[in-house]
Amino acid sequence: MALKKKYLLLISLILTIIIFSSGIIVGWTFEKYKSDVIYYELQYNELDTESYLTEQDFLDNFGGDKCALLGKRVRDIQITTRELGYQLNKYDNADTLTPQDSDYLKRKYFIFETRFLNIIQQLNQDCNTSYNTILFFYDIDDVNSEHQGVILDSFSIDELYNPIILSIDRQYTSEPVVDLLITHFNISEPSIVINTEHVFPAVVEKEEIVKHLN
Amino acid sequence: MINELIFWAISFIFLFFSIFWLLVLKLSEKEFTKIPKIKRFPNVTFIIPTRNGADRIVRTVNALLKLDYPKDKFDIIIAPNNCTDNTVEVAKALENDQVRVIEVRVPKGKMGKAYAFNQILKIAKGEIVASLDDDSIVSPNALRLMVPLFEDENTAAVVPSYKVYKPKNFIERLQYIEYLVASVSRKLLERVESLFILHGVCCLYDKDILINAGGFDEKSITEDMEIALRLNKLGYDVKFQLNCVNYTEVPNTLPKLHRQRIRWTRGYYHSLFKHKDMLFDQKQGFLGMFMLPIVIFVAAPIAMFTTAYFVYSGLKTLFVKLLAFYSAPQYSVAKALELPTYMSVNSLYILLVVLVIIALYLVYKALFYMSENWKYTVAVLLFVTFYQSFLAAYWTMAALYELVNARKNW
């Protein structure tokens, strides 16, 4: 019996549209869930930072040992910062967020990182701590940036050195804070800034980085 | 963003065709199991062009001699062409009442198999002629299953399904799965009156129709595909007998497989170009209005684009990973061993998983209709994933080969 090909094509098209649309809706819902997770994490960390700054103000006004109290917060924020940066980077590469969501989350994240950097600087000055910071200015889809990223990521399993690594999209100059950092450190290509003093263009191997850590 | 849109479009097209062929399969299942009854026994001549096939021809002829068909109703002609080994001697040792050996000298510029076949075609006694590769192994019931399909006077050719003969290594097992799926796929093409790919593992032709059509194209490197298009163009039917299973040997190394696929794909290009007037010709029905345009304007460009993209991004990723391994080996290994989390999953991945599941279902169905139990799981998994990309790359490689050849001819 001959098959009615036109009807087959039409039914196939209708079924494809239905399945495809369902897939997009499921995917969109999933993406929304994932971006909500990141958004929630960012908000939570913002709250942590606000809490820290409030504690600092309190201790400044009423006295107390702020260094001991605040020191332990640094490690918690460091871990979360690393995770958030990793997730946002995945989103950047996968183009899975809407441009508006991506823009909003990235701005929040970079602002949060800069505040964290300020906190570390203050801790090092006021409490005589020696937290190491590495500011990593990366370009998206750049081989050197990816290579440098892996080298910096490898510190996460390093038992000896545990610098605080803050990643900034060098080309995201629409965020004034990013532009400020780029201008301040005179960044013109993917680079790392170790302890806010030593500026090196990517790629810098781990052995070289370690020489400049406390 | 543009990359993502292109991949969404490609995924939509893949999904559409997967669903289309699933529907055709579902509606055709009763046809698959129909066994025709043979009513008469026309004369059949088997023509076996062979070049340096001394190690294969004996097995091929012996299989033919076991055919369940009246002995006086079929004959075999071995046509050694331009042989440089002892093929002629080995073939002549097989001569008897049913088997003849006729040597053919193939002139330069002609394809050996097509030329030799055409020479023998002129003197073949059979009402039906069969084209056989010298490594084919025909099943005893082949003629009983295929001959009845010539009851329809408009049938010009009948194609059997085929399997790989005793696969020994992984490359052969991959092709084993491929040939099973190809057989069912061609049956589906026949169901939508668009079968335009034949093969050399015992295809039967109506001799008069074939002679009137001009025989095989002696300059074509894939004469079986070219003749299929030509017969379709002339308004004849090409039928597929899924229940008749013949066997063939396949390339057992990557270089041999590469040479074969380059030849096949270049042959497709030549044949499609030669019969480009079939495109969008309403007289050609579904084949001319839909299938051929899809192959040329959708399938081939998609294959080329995805090949180029994956080669580029694959090489780039490999380069970065090598650099990363050099800089941080322990970390790179730890990262490579990490399982993906839910954060890695997005809509495109979900769609790809759906397509792989559909492909696995089609393979399962192919095994079922070809009377095979589930086997070679690793080969099946590779077949539905990487092997398709490997085959897709040949569209690009063959096009490049054609371009190079064109330049040489200037």
Side-chain angles (χ1 to χ4, degrees), chain A residues 1-31 33-35 37-38 83 86-88 90-91 94-97 99 141-158 203-207, chain B residues 1-5 7-8 11-24 26-28 30-31 188 191-194 285-286 289-291 316-317 319-332 334-335 340-354 358:
Chain A
M1 192 182 77
L3 293 175
K4 292 195 171 125
K5 297 172 269 291
K6 278 184 189 160
Y7 289 121
L8 273 175
L9 285 171
L10 186 61
I11 294 167
S12 302
L13 186 61
I14 293 169
L15 285 174
T16 305
I17 291 170
I18 292 171
I19 295 171
F20 203 73
S21 308
S22 308
I24 288 177
I25 292 169
V26 167
W28 180 81
T29 311
F30 199 47
E31 294 308 320
Y33 168 73
K34 285 195 281 181
S35 70
V37 166
I38 290 184
E83 277 304 309
Y86 186 63
Q87 302 299 353
L88 265 176
K90 269 195 173 179
Y91 277 138
D95 273 339
T96 48
L97 290 172
D141 263 344
D142 173 62
V143 172
N144 283 343
S145 298
E146 289 182 45
H147 185 190
Q148 186 70 75
V150 174
I151 295 170
L152 294 174
D153 273 348
S154 69
F155 279 106
S156 64
I157 59 169
D158 192 317
V203 171
V204 184
E205 296 290 346
K206 195 174 177 181
E207 295 75 22
Chain B
M1 189 68 182
I2 291 177
N3 277 352
E4 185 138 326
L5 281 172
F7 277 111
W8 278 116
S11 303
F12 184 90
I13 291 167
F14 277 162
L15 185 63
F16 170 74
F17 281 107
S18 300
I19 291 171
F20 175 75
W21 290 119
L22 276 174
L23 282 175
V24 174
K26 200 68 200 153
L27 292 170
S28 304
K30 279 188 191 155
E31 289 287 325
L188 296 180
R191 294 289 293 138
V192 293
E193 294 162 343
S194 300
F286 196 72
M289 293 299 290
F290 187 76
M291 279 314 304
K316 191 178 154 203
T317 305
F319 180 59
V320 171
K321 291 221 181 293
L322 284 172
L323 286 174
F325 185 75
Y326 169 75
S327 298
Q330 195 185 359
Y331 177 77
S332 297
K335 213 70 190 139
T341 64
Y342 72 95
M343 281 288 184
S344 313
V345 176
N346 61 23
S347 308
L348 209 52
Y349 285 143
I350 296 170
L351 192 56
L352 285 172
V353 167
V354 167
I358 291 174

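The sequence lines fix the lettering, A, B, ..., with proteins before strands; numbering per chain opens at 1. Keep in mind the model is a prediction, meaning the values are calculated, not measured. Because only heavy atoms are used, hydrogens play no part in the values below, and waters and symmetry mates are left out as well, while side chains stay in.
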Where does the angle between the aromatic ring planes of B:F20 and B:F16 fall among parallel (under 30°), tilted (30 to 60°) and perpendicular (over 60°)? parallel
Checking B:S18 now: which residues fulfil side-chain hydrogen bond (donor to acceptor under 3.5 Å, both in side chains) with it, not counting sequence neighbours? none
Is it the backbone or the side chain of B:F17 that comes under 4.5 Å from a heavy atom of chain A, or both, or neither? neither
Quick one: are A:K5 and B:R191 in side-chain contact, heavy atoms under 4.5 Å? no
For A:I17, run the side-chain contact (heavy atoms from CB on, under 4.5 Å) check against A:L13, A:I14, A:L15, A:I19 and tell me which one passes. A:L13
B:L23, B:V354, B:L22: which one forms the most heavy-atom pairs within less than 4.5 Å of chain A? B:L23
Portion of A:L9 that has a non-hydrogen atom of chain B nearer than 4.5 angstrom: both
